[in-house]
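Read the structure below first, then the notes.
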Amino acid sequence: MVDLGRVHVESFLEMMSAERGAAANTLQSYERDLDDIRSFLKERSIRLTEAASADLAAYLSSLARKGFKPSSQARRLAAMRQFYKFLYAEGLRTDDPTGVLDAPKKGRPLPKTIGVEEVGRLLSRAEAEADDAAPGQLQRLRMLALLELLYATGMRVSELVSLPARVLDQEGRFLMIRGKGNKERLVPLSQSAISALKSYGRLLATENAAAKEPQESPWLFPSASKEGYLPRQVFARDLKNLAIRAGLTPSLISPHVMRHAFASHLLANGADLRVVQELLGHSDISTTQIYTHVLEERLQQLVQTHHPLAKQAKKHE
């Protein structure tokens, strides 16, 4: 029998153009994808119009083996679904073989983070600059306080810049944060964060008292912005400039990266995933599970360090 696959592909493309108003580049994309599928099936002596679900699943698997991204695999699957629905609607098939095919899962990218050493360099640079009593010290102390708070708590940048001024009046090593959905959570502060916060607060009060027209602000980091507090974009820009002065690549540093560093470093040092979930303010543990790669590395190290067979293997090396 003659393989009418190509004829049916052309009929399908004509329908997509006439009835669906598909653009030229969309039609070209469908044509390339279906031709590729047809070539794959032809090598296995299978006609495009007669392919079974298992045949099409094998095609998708071949794409995965070749390194095609999930998004590219999904596009090929979409082309297949449209084509076989067309064949079914036209009475050329009695079933739709794509109905049982699952879309390829798009892997969540690992969060960008930095190491403990890089964070240490940032903090050291910020501390050294904050100790300089030259004009502009308040802004330098502000940067140190922002950075210390961010790394100590893993706050979202929006939560950080909008902290209320009453934070300066509280005692103790815990901070109440109001996060998404107006939910509150309690996070511990490091001694260095408390110290930076107090130094910043003292100079802020001194400069306010010395001003000709003192202005009381409800915000910890007041600004002339529309909101009345430091815009997160300004903090992100200043953080990148600090990274440059610390000898780090600025594109690798951002408030969000610091939040990821907080979570990754906690987990690497033995913290429980549920605890990190609470500290980050994630409502669902699945959101926090993007950090499981850190847990996997830690578990491998634990096995290599403590498992009896691993210890024996080291002795024989």
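At distances below 3.5 Å, at least one donor-acceptor pair connects side-chain atoms of R140 with backbone N or O atoms of A134. With hydrogens and angles disregarded, no donor-acceptor distance shorter than 3.5 Å links the side chain of D33 to the backbone of Y30. One N or O on the side chain of R156 and one on the backbone of G281 form a donor-acceptor pair closer than 3.5 Å. Formation of a donor-acceptor pair under 3.5 Å by the S199 side chain with backbone atoms of S195 is found in this model. Using a distance-only test at 3.5 Å, with no hydrogens or angles considered, no donor-acceptor pair links the side chain of E184 to the main chain of G179. One N or O on the side chain of S39 and one on the backbone of D35 form a donor-acceptor pair closer than 3.5 Å. R259 places a side-chain N or O within 3.5 Å of a backbone atom of G154 that can act as its donor or acceptor partner. Looking only at distances, a side-chain donor or acceptor of S62 sits under 3.5 Å from a matching main-chain atom of Y59. No side-chain donor-acceptor contact under 3.5 Å links K240 to the backbone of S254. Side chain of S225 to main chain of L230: no donor-acceptor pair is present (N/O by atom type, distance under 3.5 Å, no hydrogens or angles).
The shortest heavy-atom contact between L101 and S53 is CD2-O, 3.7 Å. Contact record, E118 with L248: O-CD1, 3.6 Å, taken as the closest heavy-atom pair. In terms of heavy-atom proximity, L56 sits nearest to L41 at CD2-CD1, 4.4 Å. Counting all heavy atoms, side chain and backbone alike, L63 lies closest to Q73 at CB-CG, 4.0 Å.
The closest side-chain heavy-atom distance from L186 to E278 is not below 4.5 Å. In this structure the side chain of Y151 never reaches within 4.5 angstrom of the side chain of L122, judged on heavy atoms. Residues Q277 and D272 form no side-chain contact, since every pair of their non-hydrogen atoms from C-beta on lies 4.5 Å or further apart. Side-chain atoms of Q139 and D238, non-hydrogen and from C-beta on, never get closer than 4.5 Å to each other. The shortest side-chain heavy-atom distance between D131 and E127 falls under the 4.5 Å cut-off. Between L220 and L197, the closest side-chain pair of non-hydrogen atoms falls below 4.5 Å. Considering only heavy atoms from C-beta on, L266 stays 4.5 Å or farther from V275 through its side chain. Counting heavy atoms from C-beta outward, T153 and E159 have side chains that stay 4.5 Å or more apart.
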*Hey, mind stepping through F83 and H8 against ring-ring contact (aromatic ring centres under 6.0 Å, His included) and telling me if it holds?*
CA-CA 9 Å; F83 177 67; H8 291 314; 7.5 Å; no
*Please walk me through it: do T49 and R93 pass side-chain contact (heavy atoms from CB on, under 4.5 Å)?*
CA-CA 8 Å; T49 53; R93 280 192 69 127; 5.5 Å; no
*asked:* side chain to side chain donor-acceptor pair (under 3.5 Å), that's the test. Do T249 and S251 meet it? Break it down for me.
replied: CA-CA 6 Å; T249 305; S251 61; 5.6 Å; no
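In the displayed structure, R245 atom CZ is contacted under 6.0 Å by more than 12 heavy atoms of other residues, nucleotides or ligands. When the shell of 6.0 Å around CD of E216 is examined, it contains 12 or fewer heavy atoms from other residues, nucleotides or ligands. Crowding of R185 atom CZ: a count of heavy atoms from other residues, nucleotides or ligands under 6.0 Å exceeding 12.
Contacts of S17 classified as side chain to side chain contact (heavy atoms under 4.5 Å, CB included), with partners at least two apart in sequence or in another chain: L27.
The pair R76-D36 meets the salt-bridge criterion, with a side-chain N (NZ, NE, NH1 or NH2) lying under 4.0 Å from an Asp/Glu carboxylate O. Salt bridge E10/R6: present, at least one basic N to carboxylate O contact under 4.0 Å.
Aromatic ring centroids of Y200 and F221 lie under 6.0 Å apart.
Under the 4.5 Å side-chain heavy-atom criterion for ILVMFWY residues, no single connected hydrophobic cluster contains both V276 and F174.
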